[in-house]
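Whatever order the structure lists ligands and atoms in, that order sets their numbers, starting from 1. Quick caveat: nothing in here was measured; it's all calculated off a predicted structure.
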Amino acid sequence: MDYQEIIDRIYREVQPLTAQGKVADYIPALSSVDRNNLGISVHHIKGEKYGVGQVNIPFSIQSISKVFSFTLAYEAVGEAIWERLGKEPSGTAFNSLVQIEYEHGIPRNPFINAGALVVADIILSNYRYPWREFLDFVRNISNDDTINSNEEVARSEKETGHRNAALAHLMYGFKNIKNPVEEVLDFYFMQCAIEMCAESLSRSFLFLANHGVVPYSGEALLSLSQAKRLNALMLMAGLYNESGDFAYKVGLPGKSGVGGGIVAVFPKNLSICVWSPAINEYGNSVAGIEALKRFTSYTEMSVF
Ligand code: GLU
């Protein structure tokens, strides 16, 4: 299969869609990103990589970081993680408060904001140098030592992240957040503000396409069954309240962020990242979804 030719074609076809949707502005520091950016990066587990467009420009990964934090927390506490989190689609917006109240502080899954706050709390309780170890983990799995969090974006989110603060306080009240709320929020905002380019993001998801093992280093991050479970979670909940539609149209597990990135994996084959900053009302990149839909149509790849 000529992946380069396929993504070149997709790049040309979806470029007009970068004019649709809106660049996230509820986090003020994100609003200045140029909406014309479009990049597609593919990594095969056997080592080949393909790219087109802006694949080397770092952008705010936002909720994509929830896959990394969940992996680290899952490594630390194993199946006990499910005592504090669900594994069901939420059917509500990523930052919704109502469900947490009537489900007694247990988030539906690790990828809505409430779930990611619990995951951050688990990392704070189980790692000696939580932020350092988290950042090292992200750098390690993406084989990119230049990765950092943008403190201006983190601060901007802290100043305006009242819904996240409300979620964390509510869950503290239900005893599902155990560390001081401020510390949990700081960790969460810093993880969301990590900046990575499409190429590094695509590379960083290879372990999920390879049964939990980083293909180029041989390092096992998760067991085969844990990697399958994480992929199942992404399929159910990786694109917020549009996850069903994404499964229907694209047919791969994936994770999006309001910075306009989407990463998807085709198990035993490859990972792919598309970045286009303008997002739809669910918080997902408009051109990104269309690019991935075309990718699985043209390559006839799907988990189904
Ligand atoms: N930091 C963002 C928030 O908590 C992440 C949202 C996202 O990417 O969906 O609102």
Could you pull out every donor-acceptor pair under 3.5 Å between side chains of residues 266-276 and any protein atom, sequence neighbours left out?
{"residue": "Asn269", "atom": "ND2", "partner": "Pro267", "partner atom": "O", "Å": "3.4"}
{"residue": "Ser271", "atom": "OG", "partner": "Ser202", "partner atom": "O", "Å": "2.6"}
{"residue": "Trp275", "atom": "NE1", "partner": "Gly259", "partner atom": "O", "Å": "3.1"}

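Residue pairs meeting the side chain to side chain donor-acceptor pair (under 3.5 Å) criterion with at least one partner in residues 55-64, sequence neighbours excluded, are Asn56-Glu199, Ser60-Gln62, Ser63-Lys66, Ser63-Tyr240. Applying the side chain to side chain donor-acceptor pair (under 3.5 Å) test to pairs two or more places apart or on separate chains, those with a residue in residues 169-181 are Arg84-Asn176, Asp121-Asn179, Ser125-Asn179.
For ligand 1, the 4.0 Å heavy-atom shell takes in Tyr26, Gln62, Ser63, Phe94, Asn113, Glu157, Asn164, Tyr188, Cys192, Tyr240, Gly257, Val258, ordered by chain and residue number.
Two rings, from Phe68 and Phe205, have their centers less than 6.0 Å apart. Aromatic rings of Phe187 and Phe134 (six-membered ring for Trp) have centroids within the 6.0 Å cut-off, being under it.
Ring planes of His44 and Tyr3: tilted class, angle from 30 to 60°.
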